[in-house]
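Whatever order the structure lists them in is the order used to number ligands and atoms, beginning at 1. Worth knowing before you read on, the calculation uses all heavy atoms, side chains too, and leaves out hydrogens, waters and symmetry mates. What you see is a predicted model, and the numbers here were worked out from it, not measured in a lab.
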Amino acid sequence: MKATAKAHTNIALIKYWGKRDEALILPTNNSLSVTLDGFYTTTTVSYKPELTKDTFTLNDEVVVGEQYNRVTNFLNKVRDIAGKQLYAEVKSINAVPTAAGFASSASGFAALAAAATKAIGLSLTESELSRLTRQGSGSACRSIFGGFAEWQKGEMEDGSDSFAVPVAPKDHWDIRVAAVVLNAKMKKLSSRSGMKRTVETSPFFKGWVESIPSDLEAIKQGILERDFHKVGEVAEANCLKMHATTLGANPPFTYWLDTTMSVMQTVQELRSTGVPAYFTIDAGPNVKVLYLPQDEEKVLETLRNISGVTDVRLSRVGQGIKYLEDEELV
Ligand code: ADP
Ligand code: DP6
Ligand code: CO
């Protein structure tokens, strides 16, 4: 009745931004991401008959309030599927800043889903696990898989066809991602609240959704052909379109800082000197830069020299969910 799982975060190249069903977490559009090896969560779930409610520690601190509710609501779904009413002790360690736009909800809920289902005795297929994980945090359904994965929004009202599928495995292509840290503090507006406000109030949201199919087709082709320019161009443009929708919301908002703009401009300048590098940004101020292995030194040096940058963390393409045995835990 105990299991541990490790899951990596992912960075969306085509963003999930908007829900058509908030309770089931069904998105308005397909999204596509690359799993990152540099950021991850390790979660242990133990079901214990003596518990009268779930307990949750994150980085060895007891969690209460909204973050606790998200975990216990998710465990309720696992208990329903398994038909067992046992409470659990959940211990999670984030090797990623929490709620700062580094996709901690993706690695966090993917690790939780994998550990919680295994510990309760369920053996789900990857598709089934992805579909369940989606209900913890949408972006997390893509972290079940390594390499490149697409979350198919699905058509059904019950969410039965809304889960991620692999697009290309980890070993398909060695691209790199530099996470440029400007501010690793918790954001004021969660991804969940930000996208809700955008769907409800931004007149730009319709244009965003309409622009997805062609971006998705182009990026999938780019990934399969290992065409870095194509992938980078589409990802950067898609990110800018997503962030543009927030400026149209009421009240308007942005996740960017002035330093976010500095990094974006520096990446574009770097490109004009012949180094292929492209940026993308999730719901937070920090920027992720896509580049190729041969340019690592140049990219790293350039990013580190930007004023306001506190850290640059490098990732390769990461693997999917992994179950750990006790002796592997550190
Ligand atoms: P992020 O950019 O980090 O994904 P979000 O606003 O999407 O930010 O989600 C952050 C929330 O995800 C946290 O406030 C918490 O509720 C949840 N979360 C983060 N890490 C974990 C974890 N290891 N286990 C369970 N839930 C987590
Ligand atoms: C900008 O998956 O964190 O990172 O489903 O409400 O938990 P919830 O939101 P979340 O949103 C991620 C938004 C994004 C884009 C992406 O990862 O696709
Ligand atoms: Co998130």
Side-chain angles (χ1 to χ4, degrees), residues 5-36 39-45 54 56-61 63-75 90-116 133-143 149-151 153 162 164 179 183-199 208 212 235 238-239 241-243 245-246 255 280-286 288:
K6 178 177 176 182
H8 293 85
T9 65
N10 66 74
I11 175 75
L13 304 177
I14 303 296
K15 306 292 183 192
Y16 146 51
W17 194 244
K19 293 180 180 68
R20 65 178 201 272
D21 184 317
E22 286 174 18
L24 289 172
I25 311 200
L26 297 177
T28 51
N29 59 273
N30 288 24
S31 54
L32 186 148
S33 61
V34 55
T35 302
L36 303 180
F39 297 102
Y40 53 89
T41 298
T42 310
T43 299
T44 301
V45 176
D54 297 315
F56 174 39
T57 62
L58 181 55
N59 301 336
D60 294 320
E61 287 183 21
V63 176
V64 292
E66 181 54 30
Q67 294 193 337
Y68 171 83
N69 292 342
R70 273 181 81 164
V71 167
T72 196
N73 288 341
F74 185 78
L75 291 175
V90 178
K91 290 185 173 181
S92 186
I93 303 287
N94 274 349
V96 52
T98 302
F102 290 100
S104 69
S105 68
S107 56
F109 278 96
L112 178 66
T133 304
R134 184 200 83 222
Q135 298 176 64
S137 177
S139 56
C141 78
R142 300 183 307 238
S143 274
E150 178 181 358
W151 176 9
K153 70 182 182 72
S162 187
N183 181 347
K185 294 210 190 88
M186 284 187 44
K187 49 191 160 193
K188 292 196 189 84
L189 197 63
S190 67
S191 305
R192 188 159 293 185
S193 312
M195 73 175 82
K196 179 172 157 68
R197 190 191 298 174
T198 303
V199 172
W208 157 252
I212 296 291
N238 186 269
C239 151
K241 275 183 281 197
M242 175 212 130
H243 285 271
T245 65
T246 72
Y255 285 106
T280 184
I281 307 164
D282 275 349
N286 308 295
K288 282 82 184 179

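Residues Lys288 and Phe102 meet the side-chain proximity criterion, which asks for heavy atoms closer than 4.5 Å. Side-chain contact check for Ile14 versus Ile212: some heavy-atom pair is nearer than 4.5 Å.
With a heavy-atom cut-off of 4.0 Å, Ser105 touches ligand 2 through its side chain alone. Residue contacts with ligand 2, taken as heavy atom pairs separated by less than 4.0 Å, involve Ser139 via backbone and side-chain atoms alike.
For Arg70, the heavy-atom gap to ligand 2 drops under 4.0 angstrom. Residue Ala103 places every heavy atom at 4.0 Å or more from ligand 2. Proximity of Lys19 to ligand 2 is established by a heavy-atom distance of less than 4.0 Å.
Atom numbering of ligand 2 starts at 1 in the shown order; those under 4.0 Å from a heavy atom of Ser191 are 3 (O), 9 (O), 10 (P), 11 (O). Below 4.0 Å from some heavy atom of Arg142 lie the following atoms of ligand 2, by number and element: 16 (C), 17 (O), 18 (O). Taking a cut-off of under 4.0 Å to the non-hydrogen atoms of Ala12, the atoms of ligand 2 that pass are 16 (C), 17 (O), 18 (O). When each atom of ligand 2 is checked for a heavy atom of Met242 under 4.0 Å away, the hits are 1 (C). Residue contact check: Arg192 has heavy atoms under 4.0 Å from atoms 6 (O), 7 (O), 8 (P) of ligand 2.
In terms of protein heavy atoms, atom 5 (O) of ligand 2 is closest to Tyr16 OH, 2.6 Å. Considering only non-hydrogen protein atoms, atom 7 (O) of ligand 2 sits nearest to Ser137 OG, 2.7 Å. In this structure, the protein non-hydrogen atom closest to atom 4 (O) of ligand 2 is Asp282 CG, 3.2 Å. Residue, atom and distance of the protein heavy atom nearest to atom 9 (O) of ligand 2 are Met195 CE, 3.5 Å. For atom 1 (C) of ligand 2, the closest heavy atom belonging to the protein is Ala283 N, 3.5 Å.
Checking each of Ser190, Ser137, Ser191, Ser143 against Ser105 for a side-chain hydrogen bond (donor to acceptor under 3.5 Å, both in side chains) leaves exactly one that passes, namely Ser137. The side-chain hydrogen bond (donor to acceptor under 3.5 Å, both in side chains) test with Ser107 singles out one residue from Asn94, Thr41, Thr42, and that residue is Thr41.
The two atoms that bring Ala140 and Ala106 nearest to each other are CB-O, 3.3 Å, heavy atoms only. What you find for Ala100 and Lys185 is that their closest heavy atoms are CB-O, 3.3 Å. The nearest pair of heavy atoms linking Trp208 to Asn29 is NE1-OD1, 3.5 Å. Closest approach of Thr98 and Met186 over heavy atoms only: O-CG, 3.4 Å.
Excluding waters, the set of protein N, O or S atoms lying under 2.8 Å from the Co ion (ligand 3) comprises Ser105 OG.
Thr43 and Ser92 form a side-chain donor-acceptor contact under 3.5 Å, judged by distance and modelled atom types alone. Judged purely by distance below 3.5 Å, without hydrogens or angles, the side chains of Asn10 and Thr35 never pair a donor atom with an acceptor atom. No side-chain donor-acceptor contact under 3.5 Å links Trp17 and Thr28.
The protein residues lying under 4.0 angstrom from ligand 1, judged by non-hydrogen atoms, are Thr41, Phe56, Leu58, Gln67, Arg70, Val71, Ser92, Asn94, Thr98, Ala99, Ala100, Gly101, Phe102, Ala103, Ser104, Ser105, Gly108, Phe109, Lys187, Ser190, Ser191.
Distance alone, capped at 3.5 Å, places no donor-acceptor pair between the Arg142 side chain and the Leu32 backbone. For the pair Lys187 (side chain) and Ala283 (backbone), a donor-acceptor distance under 3.5 Å is present.
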